[in-house]
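Small disclaimer: the values here were computed from a predicted structure and weren't measured.
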Amino acid sequence: DFVALVVDGYAEILQNGESTRVLRRGALIGEMSYASGLPSSVDVRSRGRLVVRQWAQQDLRSLDQVRPAAANAIRDYVSGALAAKARL
């Protein structure tokens, strides 16, 4: 239901209970379900102190109407994050 940007700290991706990756500053959480509209297939867990900036997916979808430039910047960032994950 949200997209979050890791501002500080670390989080890990858990798939079927197994840690598969560590997220650091600048990483996005929830962007795959935001882009696809499908429910998340992984869990994210903090590894100690974690600071994120969080936005509701619905708010991001409606951003085009009030802040088109910001909406484009977010889409570009999400696209880059998805492309990077596809290369893993």
Side-chain angles (χ1 to χ4, degrees):
D1 296 334
F2 68 90
V3 175
L5 174 70
V6 177
V7 176
D8 193 26
Y10 300 92
E12 62 184 336
I13 302 287
L14 300 169
Q15 191 163 26
N16 300 321
E18 297 291 321
S19 180
T20 60
R21 227 163 51 97
V22 174
L23 302 175
R24 293 171 171 73
R25 184 177 187 195
L28 290 173
I29 299 169
E31 80 280 6
M32 292 186 82
S33 63
Y34 169 68
S36 70
L38 299 172
S40 177
S41 59
V42 299
D43 293 311
V44 179
R45 178 175 60 195
S46 165
R47 290 182 65 184
R49 180 177 176 271
L50 179 65
V51 179
V52 298
R53 172 64 170 106
Q54 177 176 304
W55 302 272
Q57 288 185 8
Q58 186 58 39
D59 292 343
L60 292 176
R61 287 189 182 97
S62 64
L63 194 57
D64 270 320
Q65 293 140 13
V66 291
R67 300 285 302 264
N72 284 334
I74 290 170
R75 270 193 295 279
D76 288 349
Y77 197 75
V78 167
S79 295
L82 291 172
K85 286 182 179 176
R87 289 189 290 269
L88 292 177

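Residues that satisfy the side-chain contact (heavy atoms from CB on, under 4.5 Å) test with A35, not counting sequence neighbours, are L82.
For the pair V3/L28, a side-chain contact is recorded, criterion being any heavy-atom separation below 4.5 Å from C-beta on. At least one side-chain heavy atom of V6 sits less than 4.5 Å from a side-chain heavy atom of L50. For the pair L14 and V44, the minimum side-chain heavy-atom distance is 4.5 Å or more. Counting heavy atoms from C-beta on, the side chains of R75 and V78 never come closer than 4.5 Å.
There is a side-chain donor-acceptor pair under 3.5 Å between E12 and S19.
Residue Y77 qualifies as enclosed at atom OH: its count of foreign heavy atoms under 6.0 Å is above 12. Applying the 6.0 Å contact sphere to CG of N16 captures no more than 12 heavy atoms from other residues, nucleotides or ligands. Few gaps surround CG on D64; more than 12 heavy atoms of other groups in view lie less than 6.0 Å from it.
Just one residue in the list R47, R25, R49 forms a salt bridge (Lys or Arg N to Asp or Glu O under 4.0 Å) with D8, and that residue is R49.
A81 and E31 make their closest contact through CB-OE2, 4.2 Å (heavy atoms, listed as atom of the first residue, atom of the second, distance).
Under a hydrophobic clustering in which Ile, Leu, Val, Met, Phe, Trp and Tyr are joined whenever their side-chain heavy atoms come within less than 4.5 Å, directly or via other members, L5 and Y34 fall into the same cluster. Hydrophobic clustering (ILVMFWY, side-chain heavy atoms < 4.5 Å, transitive): M32 and L60 are in one cluster. Each of Y10 and L23 belongs to its own hydrophobic cluster when Ile, Leu, Val, Met, Phe, Trp and Tyr are linked at side-chain heavy-atom distances under 4.5 angstrom.
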Using atom types as modelled, flag every donor-acceptor pair under 3.5 Å from a side chain in residues 52-59 to any protein atom, sequence neighbours excluded.
{"unit_1": "Q57", "atom_1": "OE1", "unit_2": "R61", "atom_2": "NH2", "d": "3.3"}
{"unit_1": "Q57", "atom_1": "NE2", "unit_2": "S33", "atom_2": "OG", "d": "3.2"}

